[in-house]
Amino acid sequence: MDARTVWVTGAGSGMGRASALIAAQDGRAIALSGRRAGALEEVAAEIRAAGGTALVVPLDVADRAAVKAAALRIEEELGSIEALVLSAGLNSPRRYWRDQDLEEFAAITDTNLLGPVSVIDAVLPGMRERGAGTIVLISSYSAWRFSPDAGAAYSASKTALGPLAATLNAQENQHGVRACHLCPGDVDSDFLNQRPEVPGAADRAVMLSPEDVGRAVSFVLTSPPHVVIDELVLSPAKPAAGTAA
Ligand SMILES: NC(=O)c1ccc[n+]([C@@H]2O[C@H](COP(=O)([O-])OP(=O)(O)OC[C@H]3O[C@@H](n4cnc5c(N)ncnc54)[C@H](OP(=O)(O)O)[C@@H]3O)[C@@H](O)[C@H]2O)c1
């Protein structure tokens with residue numbers, strides 16, 4: 001049993017994967033969740049090959065019963081959950097009022113907003129009881145500064161993560177629980193395939209990498225318990241004046 005367990009959602013790829021690998025190097029046991037078991041198994045194999053501990057817990061974060069069952073399984077197999085990195089996220093190429101679909105809007109909100117709420121809800125009682133817990137909400141630059149092309153459902157659901165972190169800090173810091181609203185700008189990951197126009201190699205080359213964000217997550221997780229990092233915004237270096245596309 002390891003008391004320093006981190007549960008990562010969206011752990012099979014991108015920032016979730018990078019955060020999981022770095023947290024494992026920091027000596028934490030990692031529970032890996034996402035819908036594709038195969039992708040999670042690959043990350044688990046990388047962690048184990050480096051001498052770390054990983055548990056694969058396939059999960060759709062929109063399935064509330066499955067979230068509760070997953071939390072119980074992780075606590076049984078890895079011990080109490082010390083931290084959450086909530087990276088599972090969804091967008092759609094149809095992101096304007098003229099073309100959006102209400103079912104898709106609901107799926108984005110279920111994944112990006114209610115997903116994190118249900119995972120937090122499942123672990124918060126234990127964190128409060130132990131007087132310790134760190135929750136990193138992987139949100140978006142578009143939640144920090146309005147970005148018109150991010151999409152109505154995506155912007156609305158990610159912007160709501162700010163108040164989620166703020167209410168956690170206002171109500172739960174006194175119980176040893178802290179939350180960070182982490183807002184990355186463009187990151188070169190599979191997520192970009194959900195854009196109406198998928199960026200090419202040249203555009204991706206100047207973006208953040210998932211590892212850049214993984215390091216920021218590690219900074220939040222490893223900061224002393226009395227330090228609350230309410231919000232953390234990361235963006236790629238701006239191009240020289242006059243060169244922006
Ligand atoms: N890339 C960017 O430019 C960018 C910028 C700012 C913020 N973000 C946010 O960063 C987070 C991570 O994205 P990423 O860039 O690392 O892209 P990514 O590699 O596509 O990661 C997203 C992950 O979420 C998982 N996921 C999606 N729906 C899920 C569900 N219902 N239940 C469980 N897992 C689910 C996916 O795995 P499965 O398909 O296996 O479930 C995938 O591993 C997302 O929340 C995204 O909104 C991305």
Side-chain angles (χ1 to χ4, degrees), residues 7-22 31-44 56-67 69-71 84-93 95 104 106-119 122 136-147 149-151 153-162 164-165 180-199 203-217 231-236:
W7 183 8
V8 183
T9 69
S13 61
M15 297 178 234
R17 171 182 173 275
S19 301
L21 292 173
I22 296 174
L32 303 157
S33 287
R35 292 167 302 179
R36 290 165 299 151
L40 302 173
E41 290 292 356
E42 283 176 26
V43 180
V56 169
V57 188
L59 175 70
D60 182 337
V61 293
D63 180 342
R64 292 179 208 167
V67 166
L84 292 175
V85 179
L86 303 172
S87 190
L90 182 68
N91 203 347
S92 161
R95 42 183 78 178
E104 202 165 58
I108 292 169
T109 309
D110 280 347
T111 305
N112 294 356
L113 175 57
L114 293 176
V117 172
S118 99
V119 175
V136 183
L137 291 148
I138 306 282
S139 182
S140 170
Y141 195 90
S142 63
W144 181 65
R145 290 287 183 271
F146 175 63
S147 310
D149 295 324
Y154 187 80
S155 292
S157 57
K158 289 293 191 179
T159 303
L161 299 182
L164 218 61
C180 175
H181 183 226
L182 197 147
C183 303
D186 290 345
V187 178
D188 179 11
S189 74
D190 296 346
F191 209 75
L192 303 179
N193 298 333
Q194 302 177 60
R195 286 192 179 177
E197 284 177 28
V198 177
D203 289 328
R204 288 173 184 259
V206 294
M207 294 182 182
L208 298 171
S209 71
E211 291 69 30
D212 293 328
V213 180
R215 276 192 296 275
V217 170
E231 191 163 64
L232 192 52
V233 182
L234 284 81
S235 61

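Whatever order the structure lists them in is the order used to number ligands and atoms, beginning at 1. Throughout, residue positions are numbered sequentially from 1 according to the sequence presented.
Nearest protein heavy-atom neighbour of atom 25 (C) of ligand 1: G10 CA, 3.7 Å. Looking from atom 35 (C) of ligand 1 to the surrounding protein, the closest heavy atom is A88 CB, 3.5 Å. For atom 7 (C) of ligand 1, the closest non-hydrogen atom of the protein is S139 O, 3.0 Å. In terms of protein heavy-atom proximity, atom 11 (C) of ligand 1 is closest to S87 O, 3.0 Å. The nearest protein atom to atom 32 (N) of ligand 1, hydrogens excluded, is given as V61 N, 2.9 Å; this is a heavy-atom distance. For atom 36 (C) of ligand 1, the closest non-hydrogen atom on the protein side is R36 NH2, 4.1 Å. Here the protein heavy atom with the shortest distance to atom 13 (O) of ligand 1 is F191 CD1, 3.9 Å. Nearest protein heavy-atom contact of atom 21 (O) of ligand 1 is S13 OG, 3.4 Å.
Note: no N/O pair closer than 3.5 Å links P184 and ligand 1 by distance alone. Inclusion of S189 in the set of residues having an N or O under 3.5 Å from an N or O of ligand 1 is warranted. Checked against a 3.5 angstrom limit, the closest N/O atoms of K158 and ligand 1 fall inside it. Residue D60 has at least one nitrogen or oxygen atom sitting less than 3.5 Å from a nitrogen or oxygen atom of ligand 1, judged on distance alone. Between A62 and ligand 1, not a single N/O pair is under 3.5 Å apart. When only interatomic distances are considered, the shortest N/O to N/O separation between V187 and ligand 1 falls below 3.5 Å. For ligand 1, the polar-atom distance check finds no N/O of S140 at less than 3.5 Å from any of the ligand's N/O atoms. Residue R195 has no nitrogen or oxygen atom sitting less than 3.5 Å from a nitrogen or oxygen atom of ligand 1, judged on distance alone.
Applying the 4.0 Å criterion to heavy atoms of D186 picks out, from ligand 1, the atoms 3 (O). Shown in contact with L192 at under 4.0 Å from a heavy atom are these atoms of ligand 1, numbered in order with element: 3 (O). Atoms of ligand 1 lying under 4.0 Å from any heavy atom of G185, numbered from 1 in the order shown and given with element: 3 (O), 5 (C), 6 (C). Taking every non-hydrogen atom of I138 and a distance limit under 4.0 Å, the qualifying atoms of ligand 1 come out as 10 (O), 11 (C), 45 (O). Atoms of ligand 1 found under 4.0 Å from any heavy atom of G14, numbered from 1 in the order shown, are 16 (O), 19 (O). Atoms of ligand 1 lying under 4.0 Å from at least one heavy atom of G34, given by number and element, are 33 (C), 34 (N), 41 (O). Remark: ligand 1 atoms within the under-4.0 Å shell around heavy atoms of L59 are 32 (N), 33 (C).
With a heavy-atom cut-off of 4.0 Å, A39 does not touch ligand 1 at all. At a heavy-atom cutoff of 4.0 Å, ligand 1 is contacted by the side chain of Y154 but not by its backbone. Counting heavy atoms under 4.0 Å from ligand 1, residue D110 does not touch it at all. Of the heavy atoms in T111, only side-chain atoms (C-beta onward) come closer than 4.0 Å to ligand 1.
Once rounded to the nearest 0.5 Å, the distance linking OG of S142 with CG of N91 reads 8.0 Å. One finds the CG atom of L232 at 9.5 Å from the CD1 atom of I138 (value rounded to the nearest 0.5 Å). The distance from the OH atom of Y154 to the OG1 atom of T159 is 10.0 Å, given to the nearest 0.5 Å. Atom-to-atom distance recorded for L86:CG and T9:OG1 is 4.5 Å, nearest 0.5 angstrom. R204 contributes atom CZ, which lies 5.0 Å from atom CG of D188 (distance to the nearest 0.5 angstrom). The line from OG of S139 to CG of L164 is 9.5 Å long, rounded to the nearest 0.5 Å.
For the residues R204, R35, M207, M15, the heavy atom positioned nearest atom 30 (C) of ligand 1 is part of R35.
Between S92 and I108 the shortest side-chain heavy-atom distance falls below 4.5 Å. Considering only heavy atoms from C-beta on, T111 comes within 4.5 Å of V61 through its side chain. R95 places a side-chain heavy atom less than 4.5 Å from the side chain of R195. Contact check for R64 versus L114: side-chain heavy atoms found under the 4.5 Å cut-off. Side chains of V136 and L84 form no contact here, defined as non-hydrogen atoms less than 4.5 Å apart. With a 4.5 Å cut-off on side-chain heavy atoms, V56 and P58 count as touching.
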Sequence neighbours left out, cut at 3.5 Å: what donor-acceptor pairs do the side chains of residues 33-41 make with other protein atoms?
unit_1, atom_1, unit_2, atom_2, d
S33, OG, W7, NE1, 2.9
S33, OG, V57, O, 2.8

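The two residues L208 and P184 have their closest heavy-atom pair at CD1-CB, 4.5 Å. Of all the heavy atoms in F146 and S155, the pair that sits closest is CE1-OG, 4.5 Å.
Residues R17 and D190 are not paired through a salt bridge, judged by the lack of any N-O separation under 4.0 Å between the basic side chain and the carboxylate.
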